[in-house]
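These notes concern the structure reproduced below.
The structure presented is a predicted model; accordingly, all values stated were derived computationally and were not measured. All chains are named by letter (A, B, ...) in the order of the sequence lines, taking the proteins before the strands, and each is independently numbered beginning at 1.
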Amino acid sequence: MTPAKLAEVVLAAARAVFTGRGLDLSALPERTAVERPRNPEHGDYASTLALQLSKKSGVPPRELAAEVADQLGRAPGIKSVEIAGPGFLNIRLDAAAAGQLARVVVEAGEAYGHSERFAGQRVNLEFVSANPTGPVHIGGVRWAAVGDALSRLLRAAGADVTTEYYFNDAGSQIDRFARSLRAAARDEPTPEDGYRGAYIGEIAAAVAAKNPEAAEKDEKDSLEIFRVDGVNIMFDEIKSSLSDFGVHFDVYFNEKQLHDEGELDLALERLRAEGHIFEADGAVWLRTTDFGDDKDRVLRKSDGDWTYFAGDCAYYLDKRQRGFDRVVIMLGADHHGYVGRMRAMSACFGDDPDSNLEILIGQLVNLVENGEALRMSKRAGTTLTLEDLVDKIGVDAARYALARYSIDSPIDIDVELWTRSTRDNPVYYVQYVAARTASVGRNAADVGLTRGASDAFHPELLDHEKELDLLKSLGDYPAVIIAAAELREPHRVARYLEDLAGAYHRFYDNCRILPYGDEEITDTHRARLWLNDATRTVIANGLGLLGVTAPERM
RNA sequence: GCGCUCGUAGCUCAGUGGAUAGAGCAGGGGUCUUCUAAGCCCAGGGUCGCAGGUUCGAAUCCUGCCGAGCGCACCA
């Protein structure tokens with residue numbers, strides 16, 4: 001029995017009690033969940049439903065709990081139900097009901113943990129969104145790992161997800177980029193406001209190789225070549241390194257489209273129609289202070305140019321008009337000052353910023369080597385890039401390290417730790433279980449041990465404490481995915497996998513899976529192989545959500 | 001000054017209003033005649049920053065204060 005199924009049974013029991021007493025059924029929640037008590041004396045699972053319903057029903061919690069317990073006790077698969085404390089229901093399962101989970105997992109395979117919880121929700125996830133003036137730096141990499149994991153999580157939970165990368169290949173930043181490239185190609189010093197760093201020389205050389213006269217033409221034509229070719233080469237490099245990192249976007253959205261298709265004007269007119277536009281000092285403003293922003297924001301400057309914020313408005317409107325009811329944007333902590341104006345902008349369009357717009361702010365990332373943070377310096381052009389991180393610790397460790405912490409927590413990635421092959425390196429600890437389960441599978445095949453037909457599976461034989469713990473951990477997985485997707489917190493998956501890995505290792509150390517020597521193969525061996533394979537399934541599924549491989553051997 | 005985030009074991013961090021707050025590391029002690037010891041087991045370690053409030057119940061929600069990081073453009 002899965003925890004989700006048990007929760008339904010608990011709710012059904014409560015419904016029966018309410019019906020019997022003639023209570024208002026509308027007081028019952030749509031769904032409930034059971035908890036995993038830390039203290040084993042509190043049973044396999046616990047429900048707080050009676051506590052929650054006591055006030056609404058006017059029945060004292062323990063009295064309500066007693067009646068629900070009475071109903072529950074008659075349900076199949078439930079061994080016992082006890083009432084504890086103010087009205088907790090402590091539930092124990094039959095060994096067979098618990099053990100069945102191994103079969104559920106193995107037979108579901110890659111689909112185990114998937115649900116339809118967010119079916120029908122259309123979510124747009126925008127992340128990274130670096131302009132093609134340089135490689136993806138380490139802050140952007142955090143979002144590549146977290147955003148991509150989040151997209152996988154939301155899809156697993158049934159949402160309709162589109163991932164987007166927003167970029168601008170025109171404007172003053174790109175002009176600076178082009179001038180920096182041209183200067184490098186001509187062996188001139190980098191312009192005062194230019195981009196530095198080794199990559200500038202490399203891109204400049206690549207442009208020159210493709211177009212040998214580029215540096216020699218008159219300045220206007222020359223800059224145009226460096227601008228167009230430089231941006232193309234840079235963007236290809238960005239896409240290529242993201243691809244190597246396992247991250248692909250559904251949509252690459254160019255700011256230029258907003259200009260070309262008149263979307264900026266359209267957005268302005270929409271905002272004007274909503275009554276939030278005013279003009280002052282020769283500029284066009286959005287009155288974001290109507291919705292809690294610190295100050296009003298300029299959309300069109302007095303020189304007639306649009307601001308970057310105007311692009312944000314038009315882009316937001318574009319997303320909404322494409323049918324996304326949830327627009328999620330991920331930004332670094334150094335951009336959190338944007339939240340107020342973005343939320344206000346959403347409200348100016350007549351939307352509800354609490355439900356239509358979500359801005360996730362991620363704290364910064366440091367790479368630490370030999371006890372020292374490798375600091376970035378824009379002046380010296382020493383930015384830490386995606387490649388630097390991958391070169392130091394590899395894709396799996398990088399993705400895991402970036403995804404295992406709450407985005408509210410700044411991360412120091414210790415190069416030495418994340419390349420270590422020991423218990424304290426979480427990605428190895430989890431991957432080791434993947435390799436171990438695979439190894440057991442190979443050895444089982446060698447000695448002729450197979451799971452056999454599913455009707456030959458005897459779940460009640462999985463009654464060792466460590467087997468039951470492992471089964472419970474496997475049962476937690478679907479709820480972890482839903483919670484992680486709903487709260488936009490992929491780190492929950494990593495933390496869960498570490499718990500599961502621990503449960504598997506303890507099972508492995510206590511419960512021999514394969515027969516010894518010439519020992520005859522029994523139903524216990526087969527049942528344990530089901531459990532082994534179920535674990536492999538969940539570890540692989542969970543690592544897959546994080547974009548991390550589940551190796552066959554290590 | 002205003003805003004956002006954070007403050008949990010010596011260190012790094014989990015912890016969606018539930019019962020006795022957890023994990024890893026550090027440091028101490030155990031554990032390999034057959035499935036990966038890259039593992040496992042045992043013990044120690046806490047004023048959940050401080051003070052109030054909300055309620056059956058608060059690390060979790062609210063208010064204030066203290067401390068740390070980041071941000072407050074007709075830049076992108």
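- Evaluation of atom-type donor-acceptor distances gives a pair under 3.5 Å for the side chain of A/N90 against the base of B/A19.
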For RNA chain B, what string of dots and brackets results from 5' to 3' when Watson-Crick and G-U pairs need both distances under 3.5 Å, crossing pairs get [ ], and pairs with another strand get |?
(((((((..((((....[...))))..((((.......))))......(((((..]....))))))))))))....

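- Scanning atom types as modelled, one donor and one acceptor separated by under 3.5 angstrom connect the side chain of A/S302 and the base of B/C74.
- Side-chain nitrogen and oxygen atoms of A/R423 include at least one within less than 4.0 Å of the OP1 or OP2 phosphate oxygen of B/C40.
- Side-chain N/O atoms of A/S439 include one lying less than 4.0 angstrom from OP1 or OP2 on B/U36.
- The nearest heavy atom of RNA chain B to A/V298 and to A/R404 marks one nucleotide each, and the one closer to the 5' end goes with A/R404.
- Dashed line: the shortest gap from a side-chain N or O of A/R553 to OP1 or OP2 of B/U36 is not under 4.0 Å.
- Qualifying ring-ring contact (aromatic ring centres under 6.0 Å, His included) partners for A/Y165, counting only residues two or more places apart in sequence or in other chains: A/F235, A/F249, A/Y252.
- Residue A/D408 places no side-chain atom within donor-acceptor reach of the base of B/U5, judged by atom type and a 3.5 Å distance cut-off alone.
- The aromatic ring of A/H335 does not sit over the base of B/G71; the criterion of centres under 5.5 Å apart with planes under 30° is not met.
- The existence of a salt bridge linking A/E498 and A/R404 is confirmed by a sub-4.0 Å separation between a basic side-chain nitrogen and an acidic carboxylate oxygen.
- Spacing between atom OH of A/Y508 and atom C1' of B/G39 amounts to 8 Å, rounded to whole angstrom units.
- Note on A/R492: a side-chain N or O is less than 4.0 Å away from OP1 or OP2 of B/U16.
- Pairs of residues two or more places apart, or lying in two chains, that qualify as side chain to side chain donor-acceptor pair (under 3.5 Å) and include a residue from residues 297-314 of chain A are A/D293-A/R297.
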